Amino acid sequence: MSTISLEIDGREITVTPGTTILTAARALGIRIPTLCHVDGLEPSASCFLCCVQVEGQRTLSPACALPAADGMRVTTDSDDVHASRKMALELLLSDHAGDCVAPCAAQCPAGLDIPGFVQGIAAGSPRHAMEVISDTLSLPGTLGRICPRLCEQHCRRCDHDEGLAIAALHRYATDRNLVAPRPWEPPAPVATGKSVAIVGAGPAGLTAAFYLLRAGHACTLFDAHPVPGGMLRWGIPDYRLPPAALDAEIEVIERLGAELRMSTRWGRDFTLADLRRDHDAVFLGIGAQLSKGLRCEGEELALAGLDFLARVAAGEPTPVGERVIVLGGGNTAMDAARTAIRLGADVRVLYRRTRHEMPCLMEEIEGAEEEGVTIEYLVAPVRLAHRPGSGLDLTCRRMELGEPDDSGRRRPVPVAGSELTLECDTVIAAVGQGVELDLPKSEGLEVTGWGIAADSATLATNLPGVFAGGDAVLGADLAVRAVAAGRLAAASIDQYLNGRAVEGIASWTDVAMRRIDEGERAAIFRGIESSPRVPTATLDRSERLTSFVEIDPGLTAEQAESESRRCLSCGCRKADGCAVRNFATEYQVDPYRFAGDRRRFRQDSSHPEIFFEPGKCIVCGVCVEIAEQAEERLGLAIVGRGFEVAVAVPFDEPLSGGLREVARRCAEACPTGALALRTARACDLDGGRLVSLGRSRLRSAAGGG
Ligand SMILES: Cc1cc2nc3c(=O)[nH]c(=O)nc-3n(C[C@H](O)[C@H](O)[C@H](O)COP(=O)(O)OP(=O)(O)OC[C@H]3O[C@@H](n4cnc5c(N)ncnc54)[C@H](O)[C@@H]3O)c2cc1C
Ligand code: SF4
Ligand code: SF4
Ligand code: SF4
Ligand code: FES
């Protein structure tokens, strides 16, 4: 038999006639990505992902369908090839109708596998839920109480009835696990001999410690306060987050081996240079501790909101008198107002914009009002002075909203001649917090206008081995973002300590349907009855006003299990095995580059073994070919034209009629989630029994990352 000699990526190979470039490249160990190619099936050459450059040819060719020829010189990777593959993927995804991950999880800054942990609760196993949760979230009981729940407003159930009570569920799993006779705790680490200094024992620092300890690195946390917790302890009042709940979660981190050096201040008791000398890496999670002033005459007479809350948290006597005015509209203002009312004062909050612009949660505003706090809008301070005799005079001015400022919110503008003077005993200034920047600068760290400068992908600062995150980098923000930063920093520091490239946490390229239309809503919720979200219980008003007892008692086991059963386990059944998503991530595609009208989401669930979601089909023809080879009576066919082209059973027969013998094989070979096994969901329940424990568990069970 004659043979053919050719060169692929500069390497010679001899093959028999009829061999494709793809097969020849594989024989040389050269990887060419493929989507529509399946060994043993006729090439359809429809995806173009396998494109290669043949010397002397103007256009690229699909390697899976290109026969080798004598003297051919082929390049399998170049800038052009890479760009073409990227574009091929972007075109394939341009009209994709599906959510790779559940819409709720896509919005959690910490990337919590929400359907995964929720199914643990549905199966009556808070322990298993905990295991899934702690892969990405530390302090889940704390966050379950205070997180603004960025996830819940994106829950798919909002399109049907009400979003799932996600935060209450991870709080439930944590609280139950902590009191269980055999609570789940992270496995004991194997020591690496490396040590990390962490400055700040707030959520960012504690989380960095949690994940670094789990990776086997020793962690010492230094904090200026006498007790750890950061703003969770010194800012957020006990009625929202009882210290015992926070302590229980910090104890888990201590049991993992964290060494806490409290009442130890960077800049007074040690320098950054000391830490860099004594440890292998440093994480700075110092938060935003500076209270901004009122910027008006007499501002020094006001009590800083943070100081007020910290004194009450420390149990110090904090007399505020009978009439308290709180200035501000954020979390600190609401917490100060609701704390002052618990101390017996009559409380007014003055905010210079309107209710609509208030940066705190609406339920905080409503809670404050229920407790008797009066909120007045479009009022700003002008002057604060001692009142003859006792008390204070706060002179204010009415405002109106003008043009939007840098934050996008409409700027408050004074109304001429609108001054008014209010009498009170205490003014609490809660108009914002800032990061201490002089200290980092004095130690050689670069800073931004609002925090320590750190690379957003890795949290590395300009100093080798020094990382920073949380409020210290972002400015005053949210606890869940501080937790996410702590985990990201831990991943980067682990890479740094192991001498690997510091890249942070790899993220997937995902597609999302975002808004759905009426037809899609009907498809997603077919057969799913409306059921209201579990009601939130709150402490009786009279008890609230006389104590700092936690307002929200949390869910009972019965409530948690029934709420968790409302979860639809959204997200693609094949997210982990989808070749399109894998390649989209590898080629760093922008799935919305060519986004126009996307296909509509539909689901055919008539087949006993598989689901078919045509909006995810890339018309590769693999299933059609498999059915044909297996001589299925009806099989599948590619029907329609242009934009409407799709795979379907001929004669409009149901899927069960088209695929009688090879449904499973088709689903396994389908490169996307268009055809998926009924059992393929990461956390399907089988008669209430937990089949598996979330995607992360599945990946590790499969030996993946
Ligand atoms: C009153 C209030 C209410 C809030 N409510 C909410 C809420 O409901 N939901 C929400 O998500 N977020 C809320 N936040 C925001 C949230 O608490 C913060 O985003 C979060 O705590 C930031 O975490 P961090 O670890 O970056 O910093 P921090 O929590 O501020 O912790 C920093 C730690 O560093 C220590 N430190 C600082 N400087 C030094 C130094 N020089 N030497 C040694 N130690 C030092 C501090 O003592 C502190 O313990 C609230 C904040 C406040 C102030
Ligand atoms: S941490 Fe916050 S955003 Fe994340 S899942 Fe919990 S409540 Fe949602
Ligand atoms: S139903 Fe469950 S998985 Fe779907 S968005 Fe809501 S919480 Fe997430
Ligand atoms: S359904 Fe068939 S044609 Fe569509 S992507 Fe899957 S295997 Fe390819
Ligand atoms: S065109 Fe070759 S794998 Fe799709």
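Every value quoted in this text rests on a predicted model; they were computed, and no experiment measured them. Just follow the structure's listing: the first ligand is 1, and inside any ligand the first atom is 1.
With hydrogens left out, the protein atom closest to atom 13 (C) of ligand 1 is N331 ND2, 3.8 Å, a heavy atom. When only non-hydrogen protein atoms are considered, atom 17 (O) of ligand 1 lies nearest to M231 CB, 3.3 Å. In this structure, atom 31 (O) of ligand 1 lies nearest to the protein heavy atom G202 CA, 3.4 Å. Here the protein heavy atom with the shortest distance to atom 30 (O) of ligand 1 is Q289 NE2, 2.8 Å. Here the heavy atom of the protein found nearest to atom 4 (Fe) of ligand 2 is C108 SG, 2.4 Å. The protein atom (non-hydrogen) at minimum distance from atom 8 (O) of ligand 1 is R240 NH1, 2.7 Å. Nearest to atom 44 (N) of ligand 1 among the protein's heavy atoms is A224 N, 3.0 Å. Atom 2 (Fe) of ligand 2 has C147 SG, 2.3 Å as its closest protein atom, hydrogens excluded (heavy atom only). Nearest protein neighbour of atom 36 (N) of ligand 1, counting heavy atoms only, is I286 O, 4.0 Å. From the protein, the heavy atom lying nearest to atom 16 (C) of ligand 1 is A479 N, 3.8 Å.
The ligand atoms of ligand 1 that sit less than 4.0 angstrom from a heavy atom of G285 are 32 (C), 33 (C), 34 (O). When each atom of ligand 5 is checked for a heavy atom of F48 under 4.0 Å away, the hits are 1 (S), 4 (Fe). Every atom of ligand 1 with a heavy atom of D335 under 4.0 Å away is listed here by number and element: 1 (C), 2 (C), 3 (C). The atoms of ligand 2 that sit less than 4.0 Å from any heavy atom of L150 are 3 (S). In the vicinity of G230, heavy-atom distances shorter than 4.0 Å reach the ligand 1 atoms 29 (O), 31 (O), 48 (C), 49 (O). Contact atoms of ligand 1 toward L306: 53 (C) (distance under 4.0 Å to a heavy atom of the residue). Contact atoms of ligand 5 toward S46: 1 (S) (distance under 4.0 Å to a heavy atom of the residue). Counting atoms of ligand 1 from 1 in the listed order, those under 4.0 Å from a heavy atom of G470 are 26 (O). The ligand atoms of ligand 2 that sit less than 4.0 angstrom from a heavy atom of L112 are 5 (S). Residue-ligand proximity, T264 to ligand 1, at heavy-atom distances under 4.0 Å covers atoms 43 (C). Remark: ligand 5 atoms within the under-4.0 Å shell around heavy atoms of A45 are 1 (S). Residue A482 approaches ligand 1 through these ligand atoms, each under 4.0 Å from one of its heavy atoms: 22 (C), 23 (O), 26 (O). Within ligand 1, the atoms closer than 4.0 Å to a non-hydrogen atom of G235 are 1 (C), numbered from 1 in the order shown.
By the criterion of a heavy-atom distance under 4.0 Å, neither the backbone nor the side chain of A485 is placed next to ligand 1. In E436, neither the side chain nor the backbone holds a heavy atom less than 4.0 Å from any atom of ligand 1. Contacts with ligand 5 closer than 4.0 Å are made by heavy atoms of both the backbone and the side chain of T34. Within the 4.0 Å heavy-atom criterion, the part of H170 lying near ligand 2 is the side chain and not the backbone. Residue contacts with ligand 1, taken as heavy atom pairs separated by less than 4.0 Å, do not involve L206 at all. Contact annotation: for L361 versus ligand 1, there are no heavy atoms closer than 4.0 Å. With a 4.0 Å cut-off on non-hydrogen atoms, I114 touches ligand 2 through its side chain and not its backbone. Of all the heavy atoms of A63, none lies under 4.0 Å from any atom of ligand 5, so neither backbone nor side chain is involved.
L221 and A258 make their closest contact through CD1-CB, 3.8 Å (heavy atoms, listed as atom of the first residue, atom of the second, distance). For the residue pair G469 and F283, the shortest heavy atom distance occurs at N-CE1, 3.3 Å. Of all the heavy atoms in V54 and S61, the pair that sits closest is CG2-OG, 4.4 Å.
Salt bridge E162/R566: absent, no basic N to carboxylate O contact under 4.0 Å. Electrostatic pairing of R149 and E363 counts as a salt bridge here, judged by a charged N lying under 4.0 Å from a carboxylate O. Classification of D223 and R233 as a salt-bridged pair fails, no side-chain N sitting under 4.0 Å from a carboxylate O. Ion pair R261/D269 not flagged as a salt bridge, since none of the NZ, NE, NH1 or NH2 atoms sits closer than 4.0 Å to an Asp/Glu carboxylate oxygen. With respect to R171 and E550, a salt bridge is recorded, a charged nitrogen being found less than 4.0 Å from a carboxylate O.
With no hydrogens or angles considered, a side-chain donor-acceptor pair links T207 and S138 at under 3.5 Å. For D274 and T271, the side-chain atoms include at least one donor-acceptor pair closer than 3.5 Å. In this structure, a donor-acceptor pair under 3.5 Å is present between the side chains of Q119 and S569. No hydrogens or angles considered: nothing links the side chains of T174 and E249 as a donor-acceptor pair under 3.5 Å.
Among the atoms of T332, none of the N or O lies under 3.5 angstrom from an N or O of ligand 1. By the 3.5 Å distance cut-off applied to N or O atoms, W266 is counted among the residues near ligand 1. Checked by distance only, ligand 1 and A204 come closer than 3.5 Å through their nitrogen or oxygen atoms. Considering backbone and side-chain atoms together, G200 places no N or O closer than 3.5 Å to any N or O of ligand 1. Below 3.5 Å of separation, one finds no N or O of L439 facing any N or O of ligand 1. Looking at ligand 1, you'll find an N or O of I146 within less than 3.5 Å of one of its N or O atoms.
A heavy-atom separation below 4.0 Å is not found between T207 and ligand 1. Residue contact annotation: M334 has no non-hydrogen atom under 4.0 Å from ligand 1. Not a single heavy atom of G267 lies less than 4.0 angstrom from ligand 1. Ligand 1 has Q433 within reach: a non-hydrogen atom of the residue lies less than 4.0 Å from it.
For atom 1 (S) of ligand 2, the candidate residues are V480, I133, T136; the nearest heavy-atom contact is made by V480.
Because the distance cut-off is set at 2.8 Å, C50 qualifies as a neighbour of atom 2 (Fe) of ligand 5 through one of its N, O or S atoms. With a cut-off of 2.8 Å, atom 8 (Fe) of ligand 2 has an N, O or S atom of C151 in range. At a cut-off of 2.8 Å, C64 is counted among the residues with an N, O or S atom near atom 2 (Fe) of ligand 5.
Looking only at distances, a side-chain donor or acceptor of T264 sits under 3.5 Å from a matching main-chain atom of M262.
A side-chain contact (heavy atoms from CB on, under 4.5 Å) with F117 is found for exactly one of L169, T136, D135, namely L169.
Inter-residue side-chain proximity for P671 and I618 is flagged as met; some heavy-atom pair is nearer than 4.5 Å. A 4.5 Å side-chain heavy-atom check between V81 and T76 finds every atom pair outside the cut-off.
Taken to the nearest 0.5 Å, the CD1 atom of I452 stands 7.5 Å off from the CG atom of L437.
Annotation: cation-pi pair R338/Y239 absent, no NZ/CZ under 6.0 Å from the ring centroid and within 45° of its normal.
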